[in-house]
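These notes concern the structure reproduced below.
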Amino acid sequence: MSSPIKNNHVDHGGVSHWWWQKITAVALIPLSFWFVAGVVSHVGSDQEAFARWVGAPFNAFLIILFLININLHSQIGIQAVIDDYIHGRALKKWSSLSVKAIHLLFALLSVIAVLSLTL
Amino acid sequence: MKRARPLSPHLLIYKPQLTSLLSVIHRGTGIFLSFGIPVLVIWLLTLAFSSEGYYCMDLLISSFIGRLALFGWTFSLFYHLCNGIRHLGWDAGWGMDMPTLYKTGWIVVLLSLLLTVAAWSLGYAVRAGAGA
């Protein structure tokens, strides 16, 4: 792709942010309904019952998919807000980097928690 | 600002319209949902690793403020999801004409309210059934 305009968002090769936003959005439609239904059907349950639900292999698999997708989708969305409202090269760069790091941390910690519940 | 630069028309000078309002709410709910992620992460961590922590999270979420936030996240999730489907339609080249924009806009508002009320009604019914 030889665009005459240097575009920082597109010319990295591979799948663009735009496409990731759409892919995660589509994935999150069934995953969100499934997650809300799962939580709603456990309202009033204690820690053990919730832990059993999250730790069941198929549930854990879907929750991990949900967690990865919400973190990717959130990171892309917040990045769009930064692009629109945060001015100044340095501030933009550091806020983008922090948002990426925080979402990566959230994804890692929550996936570890879910995996440990499957044991 | 050292130099006066041309500004695009400010959002607030427009007469409020359903289309623009829904767009602002889409971004607003998206940002609000992002703030729900750390709560979900901490809840999962305490669920897996700490009974005391889980007890604290349970108290926090069950409190009035906690329920209010959770209600807000429920509505935000359903709104962002429904309006997101609207966005996906536009990406596919569907529904960009004015009558359809207004029609799908109202459907999104009604459907997200309906889904929120349904989720909470079911939640309270389950809770009553569990005797909690």
Side-chain angles (χ1 to χ4, degrees), chain A residues 18-19 21-26 28-33 35-37 39-55 60 63-64 66-67 70-71 73-78 80-81 84-85 87 99 102-103 105-119, chain B residues 1 5 8 26-55 57-58 61-62 70 73-74 76-78 80-85 87-88 91-92 115-116 118-132:
Chain A
W18 189 88
W19 271 110
Q21 187 175 45
K22 306 306 149 189
I23 293 165
T24 52
V26 171
L28 280 169
I29 296 170
L31 285 171
S32 298
F33 277 113
F35 181 75
V36 171
V39 172
V40 163
S41 65
H42 283 83
V43 177
S45 292
D46 58 5
Q47 186 175 5
E48 270 185 55
F50 258 118
R52 237 179 298 126
W53 174 64
V54 175
I63 290 173
I64 287 171
F66 180 67
L67 290 166
I70 59 172
N71 277 290
H73 194 80
S74 169
Q75 187 265 316
I76 295 167
I78 298 293
V81 177
D84 285 349
Y85 296 113
H87 304 296
V99 165
I102 287 167
H103 282 95
L105 184 72
F106 286 160
L108 281 174
L109 288 176
S110 52
V111 168
I112 289 169
V114 173
L115 283 177
S116 84
L117 284 167
T118 64
L119 301 176
Chain B
M1 285 284 190
R5 290 183 179 280
S8 54
H26 192 74
R27 185 164 266 198
T29 50
I31 294 169
F32 185 60
L33 283 165
S34 290
F35 285 100
I37 294 179
V39 177
L40 177 60
V41 173
I42 292 168
W43 182 76
L44 283 168
L45 284 170
T46 60
L47 180 66
F49 300 118
S50 163
S51 296
E52 290 92 346
Y54 188 83
Y55 179 73
M57 281 303 284
D58 207 21
I61 292 168
S62 308
L70 209 57
W73 278 316
T74 312
S76 296
L77 180 69
F78 284 133
H80 201 85
L81 196 159
C82 292
N83 201 49
I85 293 174
H87 269 274
L88 290 170
D91 292 329
L115 286 165
T116 307
W120 277 73
S121 306
L122 282 171
Y124 274 110
V126 168
R127 188 165 169 271

Quiz prompt | Which atom of A113(A) lies closest to which atom of A48(B), heavy atoms considered | solution = O-CB, 3.5 Å

Quiz prompt | Portion of L88(B) that has a non-hydrogen atom of chain A nearer than 4.5 angstrom | solution = side chain

Self-check item: Between L28(A), V39(A), I29(A), the one whose heavy-atom pairs under 4.5 Å with chain B are most numerous
Solution: I29(A)

Exercise. With rounding to the nearest 0.5 Å, note down the distance linking CZ in F49(B) to CG in L117(A).
Key: 7.0 Å

Practice problem: Measure L47(B) against the heavy atoms of chain A and call it side chain, backbone, both or neither at under 4.5 Å. | Solution: both

Quiz item: Got H80(B) and H73(A) here, is their nearest side-chain heavy-atom distance under 4.5 Å?
Solution: yes

Self-check item: Check: R27(B) and D84(A) side chains under 4.5 Å, non-hydrogen atoms
Solution: yes

Quiz prompt | L67(A) portion near chain B, given a 4.5 angstrom heavy-atom threshold | solution = side chain

Quiz item: More than 12 foreign heavy atoms under 6.0 Å from CZ of F35(B): is that the case here?
Solution: no

Quiz prompt | F50(A) and W43(B) aromatic ring geometry - parallel, tilted or perpendicular at 30°/60° bounds | solution = perpendicular

Exercise. Give, as side chain, backbone, both or neither, the part of S50(B) having an atom under 4.5 angstrom from any heavy atom of chain A.
Key: backbone

Quiz prompt | Side chain to side chain, L77(B) and F35(A), heavy atoms closer than 4.5 Å | solution = no

Quiz item: If every non-hydrogen atom of S110(A) is compared with every non-hydrogen atom of L44(B), which pair is closest and at what distance?
Solution: CB-CD1, 4.0 Å

Exercise. Name the option with the most non-hydrogen atom pairs under 4.5 Å to chain A; the candidates are L45(B), L33(B), L40(B), I37(B).
Key: I37(B)

Quiz item: Non-hydrogen atoms of chain B under 4.5 Å away: do they reach the side chain of H87(A), the backbone, both or neither?
Solution: neither

Self-check item: Contact leader toward chain B among V81(A), L109(A), I78(A), where contacts are heavy-atom pairs under 4.5 Å
Solution: V81(A)

Quiz item: Going by heavy atoms in the side chains, are L115(B) and V36(A) under 4.5 Å from each other?
Solution: no

Quiz item: What's the spacing between L81(B) CG and F33(A) CZ if we round to 0.5 Å?
Solution: 5.0 Å

Quiz item: Of the listed residues (A119(B), G30(B), G84(B)), which shares the most heavy-atom pairs with chain A below a 4.5 Å separation?
Solution: A119(B)

Practice problem: Select one option (side chain, backbone, both, neither) describing which atoms of A80(A) are under 4.5 Å from chain B's heavy atoms. | Solution: both

Quiz item: Are side-chain heavy atoms of T46(B) and Q47(A) found at a separation under 4.5 Å?
Solution: no

Exercise. For residues H42(A) and V126(B), determine if any side-chain heavy atom of one lies less than 4.5 Å from a side-chain heavy atom of the other.
Key: no

Exercise. Pick one of side chain, backbone, both or neither for F78(B), based on which atoms fall under 4.5 Å of a heavy atom in chain A.
Key: side chain

